[in-house]
Amino acid sequence: VKRLQAAGFEGVCGHSALQEFSVSNSASFWAAAARQRLNWISPFHTTQDCDLSRGEIKWFEGGKLNVSVNCLDRHVHTCPERVALIWERDEPGSEVKITYRQLLEMTCRLGNMLRRRGVRKGDCVTIYMPPCPLAVASMLACARIGAAHNVVFAGFSAEALAERIRDAQSSTVITVNQGVRGGKVTELKKAVDTALQSCPTVQQVFVAMRTENPVAMTARDIVMEEYVFNYSDGDVFGCVADIGWITGHSYSVYGPLANGGTTVLFESTPIYPDPGRYWEMVQRLKINQFYGAPTALRLLLKYGDQWVHKYDRSTLKTLGSVGEPINTEAWEWYHRVVGDGRCPVVDTWWQTETGGICITPRPSEPDAEIVPGMAMRPFFGIEPVLMDTEGKVLTSNDTSGALCIAQPWPGMARTIHNDHQRFTETYCQPYPGYFFTGDGAYRSKEGYYQITGRLDDVINVSGHRIGTAEIEDNQYSAVAESAIIGYPHNIKGQGVYAFVVLKKGVNAQEEELSRQLNNMVSKKIAKYACPDFIQFVHRLPKTRSGKIMRRVLRKVVEQDLNGLGDLSTLDDPAAVEEIIQEKKIGQ
Ligand code: 6R9
């Protein structure tokens with residue numbers, strides 16, 4: 001806020017006033033922020049020229065900048081030996097630190113290599129690597145030479161990779177020989193070879209060596225070198241998202257680097273080698289901000305507090321959550337146990353399409369209130385609105401509706417690659433003049449926002465519309481997490497089917513647990529919201545970024561096993577098999 005105020009808003013005091021200013025004087029706010037926070041090769045002449053109803057979004061026209069220069073070169077001028085990346089490798093205690101100077105060097109070398117090998121401005125390079133310095137350097141090298149990058153989760157199958165390579169029409173792929181995750185080796189280069197059987201556009205594959213094991217090479221493969229590492233102290237931003245998720249892009253790579261911070265690249269899993277991994281890493285790397293997903297918190301919560309207490313977490317200042325609604329129990333645990341009650345928890349709402357955080361608590365504001373499980377208030381330049389089912393703006397508080405954003409902001413998506421029509425249909429046409437997020441939200445009496453989940457996840461039981469997240473957010477102490485799915489019911493319209501994961505060590509009778517769960521839901525919400533079926537499962541099918549794949553659960557409940565669709569983005573496909581075997585309906 002101080003830096004923004006220094007950019008010409010001296011008269012505007014405090015977060016709230018600045019937020020209001022950023023919405024009512026959007027163009028001058030973003031123009032000043034862009035001039036003050038970024039280095040431009042040539043200045044922009046028009047700050048914004050946007051028409052949401054036609055899906056035409058133009059920011060900073062006439063301006064030219066290079067994002068890799070903003071992330072690297074300017075920091076190398078002022079503090080070359082500051083640590084840019086901490087690569088938290090799979091094996092705890094084997095972290096590697098890379099300074100801004102080293103990262104710039106790696107990026108330039110890679111950029112030159114790509115250019116020498118024919119990659120041009122506008123090309124799209126596919127990067128299929130786990131989070132590691134070379135992956136970040138590859139992203140920045142593409143940005144440096146004007147190529148787009150298409151980062152594919154290293155956990156995706158060959159088939160899923162092939163589809164993404166074809167969509168991007170890449171001629172170049174960058175990968176590693178093998179990955180290492182949770183103590184296991186994954187055959188990434190092999191997956192690339194398989195994928196390329198159906199990707200005629202690819203002419204060259206760069207292969208970095210993550211392990212020492214040789215892998216089969218073909219004529220189009222080019223082996224990359226590895227680099228020397230260095231050490232220096234710095235501020236440490238610990239975003240544990242994979243770089244293949246937007247959170248990894250914005251908050252592991254571009255955000256921290258553009259701000260000259262030190263960022264952690266987490267290669268491992270939250271439970272390898274044990275459920276203390278995150279907190280052991282916080283202690284060892286002296287992490288100041290920890291940013292993760294509710295799904296991981298719910299997983300860790302199952303194992304008990306002792307894994308957290310074992311480690312010193314006194315360096316932590318802020319705890320962030322992203323990706324899904326965070327249920328009250330996980331929020332409380334994060335705050336009370338992980339943060340010892342002294343670190344603010346910021347539940348940050350945003351999407352791939354928004355580029356960065358849009359609704360979030362602002363703890364740096366003195367006395368800022370934070371309500372558990374609420375994303376709270378709009379961030380700079382964001383004007384959220386709620387719509388009713390007829391497309392009218394809901395103006396009062398204590399109300400729920402479809403979440404839209406009333407005016408454009410610089411980080412927003414401007415199109416869908418090769419399909420602008422789909423962009424306008426999905427985001428601009430549902431509520432003409434507004435950007436439609438696909439999420440539902442509640443605005444409290446005080447005007448605070450709470451995200452209630454994807455609108456597709458709203459179910460209608462006996463005429464009552466209810467978000468599945470609301471039923472899931474129960475504080476029953478035996479439950480680690482749950483997924484609620486609606487299914488066709490010939491009396492109620494939709495019935496409620498619950499998948500429930502119990503905490504470790506709970507071994508009460510299922511019937512008794514079901515009875516208690518129903519009691520809780522009926523007390524907290526209403527009788528109609530009680531599940532018709534409760535299926536206790538070991539785990540839920542999730543994407544690599546931790547989102548429960550409700551589409552798949554819905555198909556299982558509807559007994560449409562042929563309609564399960566693309567399962568390649570699942571973290572662990574065995575979870576679906578288990579659920580199918582044990583399903584309770586229609587047996
Ligand atoms: C950043 C990211 C976007 C969807 C979004 C919403 C859900 C994200 C949330 C949240 C409740 C939060 N979501 N953050 N729901 N509270 N704090 O996750 O991007 O992978 O594109 O997903 O995730 O449903 O629409 P992305």
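Every number for a ligand or one of its atoms is a count from 1 in the order of the listing. Since the model is a prediction, treat every value here as computed from it, not as a measurement.
Distance from atom 26 (P) of ligand 1 to its nearest protein heavy atom, with residue and atom name: Thr352 OG1, 3.5 Å. In this structure, atom 16 (N) of ligand 1 lies nearest to the protein heavy atom Glu324 O, 3.3 Å. The shortest contact between atom 20 (O) of ligand 1 and any protein heavy atom is with Trp245 NE1, 2.8 Å. Nearest protein neighbour of atom 7 (C) of ligand 1, counting heavy atoms only, is Gly323 O, 3.3 Å.
Comparing heavy-atom distances from atom 23 (O) of ligand 1 across Met374, Gln351, Lys547 singles out Lys547 as nearest.
Between Tyr334 and Phe290, the ring-plane angle classifies as perpendicular under the 30° and 60° cut-offs. In this pair, Phe423 and Tyr427 present their aromatic rings tilted. The plane angle is within the 30 to 60° band.
Per-residue contacts place Asp439 under 4.0 angstrom from the following atoms of ligand 1 (heavy atoms of the residue considered): 5 (C), 6 (C), 24 (O), 25 (O). Residue Asp347 approaches ligand 1 through these ligand atoms, each under 4.0 Å from one of its heavy atoms: 12 (C), 16 (N), 17 (N). Every atom of ligand 1 with a heavy atom of Thr348 under 4.0 Å away is listed here by number and element: 9 (C), 12 (C), 14 (N), 17 (N). Under a 4.0 Å criterion applied to the non-hydrogen atoms of Val322, ligand 1 contributes the atoms 1 (C).
Phe153 has its ring centre no less than 6.0 Å from the ring centre of Tyr128.
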Before you tell me yes or no, could you show the steps for Ser16 and Arg362 under side-chain contact (heavy atoms from CB on, under 4.5 Å), namely the whole-Å CA-CA distance, both residues' side-chain angles and the distance that decides it to 0.1 Å?
CA-CA 9 Å; Ser16 296; Arg362 302 194 293 258; 3.7 Å; yes
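In this structure, Ala375 does not count as a contact residue of ligand 1, since none of its heavy atoms falls inside 4.0 Å of the ligand. The closest approach between a heavy atom of Gly438 and any atom of ligand 1 is not below 4.0 Å.
The part of Thr247 lying near ligand 1 is the side chain, judged by heavy-atom distances below 4.0 Å.
With 3.5 Å as the limit, one finds no donor-acceptor pair spanning the side chains of Arg277 and Tyr272. Counting only N and O atoms by type, the side chains of Tyr291 and Ser321 include no donor and acceptor under 3.5 Å apart. A donor and an acceptor atom, one from each side chain of Asn259 and Arg37, are located under 3.5 Å apart.
Crowding of Gln429 atom CD: a count of heavy atoms from other residues, nucleotides or ligands under 6.0 Å exceeding 12.
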